Amino acid sequence: MSNRVSAVVVGADRLGNIPDLLTLHNIKIKQHISGRDPSHQKKSLQLPSGTELLILLTDFLGHNVMKTFRAAAQKSGVRVLVCRRSVCSMKQALSQSGFCEVCPYAKKGATKH
């Protein structure tokens, strides 16, 4: 199996089933940020090193917070995925961005489907 994509998720206090869904798409949550801290709106910030994907949950974020994190992603050359905080919305955004589900038979040593 290939290496997992390291993601930062911004928005929402709780993620519910989203971490399980991301695992199915070979994405590991490096950090979850609620976006409630006022400092996320006012100053430029840096994403954690090693971040490969930024996921913004739009129904839990203000415009200024989204703008700040998008700018940080652009500065770092990190892909941005924007969706609502629901499994259906996340699945759709992931498939449109080219993140396919990992085949359960793709484990090392598996020969039959």
Side-chain angles (χ1 to χ4, degrees):
M1 192 185 300
S2 63
N3 291 336
R4 290 187 165 210
V5 174
S6 180
V8 171
V9 179
V10 181
D13 291 327
R14 288 176 274 132
L15 296 177
N17 294 330
I18 288 177
D20 296 332
L21 175 64
L22 293 175
T23 298
L24 289 175
H25 287 81
N26 211 21
I27 298 171
K28 178 185 174 213
I29 297 175
K30 181 179 188 98
Q31 185 176 3
H32 171 231
I33 301 167
S34 71
R36 289 183 181 262
D37 188 343
S39 69
H40 295 153
Q41 300 181 38
K42 297 178 181 175
K43 61 180 180 182
S44 62
L45 53 84
Q46 251 186 326
L47 296 174
S49 64
T51 302
E52 300 169 276
L53 177 66
L54 174 66
I55 301 173
L56 298 173
L57 303 176
T58 60
D59 44 349
F60 289 90
L61 288 176
H63 292 285
N64 289 335
V65 175
M66 285 181 56
K67 183 179 177 181
T68 300
F69 278 96
R70 278 183 181 268
Q74 185 176 15
K75 186 177 178 180
S76 302
V78 172
R79 284 178 73 175
V80 179
L81 183 95
V82 180
C83 64
R84 303 188 84 190
R85 187 194 157 263
S86 75
V87 171
C88 293
S89 179
M90 180 73 70
K91 275 186 180 181
Q92 184 178 19
L94 288 167
S95 67
Q96 288 175 349
S97 297
F99 290 100
C100 300
E101 282 191 46
V102 177
C103 177
Y105 300 106
K107 295 177 183 173
K108 293 180 182 177
T111 56
K112 291 187 178 181
H113 283 53

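These numbers come from a predicted model, not from an experiment.
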Quick one: side chains of residues 52-62, donor-acceptor pairs under 3.5 Å with protein atoms, not counting sequence neighbours, listed by atom name and distance.
residue	atom	partner	partner atom	Å
Glu52	OE1	Ser6	N	2.9
Thr58	OG1	Cys83	O	3.4
Asp59	OD1	Arg85	N	3.0
Asp59	OD2	Arg85	N	3.4

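The cluster map of Ile, Leu, Val, Met, Phe, Trp and Tyr, joined by side-chain heavy atoms under 4.5 Å apart, puts Val10 and Val80 in the same cluster. Residues Val5 and Val82 do not share a hydrophobic cluster, clusters being chains of Ile/Leu/Val/Met/Phe/Trp/Tyr side chains in contact below 4.5 Å. Linking ILVMFWY residues whenever their side-chain heavy atoms come closer than 4.5 Å, directly or via other members, places Leu21 and Leu15 in the same cluster.
Shown here are the side chain to side chain contact (heavy atoms under 4.5 Å, CB included) partners of Ser76, two or more places apart in sequence or in another chain: Val78. Judged as a salt bridge (charged side-chain N to carboxylate O under 4.0 Å, His left out), and not counting sequence neighbours, the contacts of Asp13 are Arg36. Residues passing the side chain to side chain contact (heavy atoms under 4.5 Å, CB included) test with Pro48 are Val8, Lys30, Gln31, Thr51, sequence neighbours excluded. In this view, Asp20 and Asn17 satisfy the side chain to side chain contact (heavy atoms under 4.5 Å, CB included) rule, not counting sequence neighbours.
Each salt bridge (charged side-chain N to carboxylate O under 4.0 Å, His left out) pair with one or both residues in residues 65-75, not counting sequence neighbours, would appear here, but there are none.
With a 4.5 Å cut-off on side-chain heavy atoms, Val9 and Ile18 do not count as touching. Side-chain contact between Thr23 and Arg4 is present, with heavy atoms from C-beta onward closer than 4.5 Å.
Here Leu22 contributes atom CG and Leu81 contributes atom CG; the two are 8.5 Å apart, rounded to the nearest 0.5 Å. Atom-to-atom distance recorded for Ser97:OG and Gln92:CD is 10.0 Å, nearest 0.5 angstrom.
Of the possible polar contacts, none joining the His32 side chain to the Arg14 backbone as a donor-acceptor pair under 3.5 Å is found.
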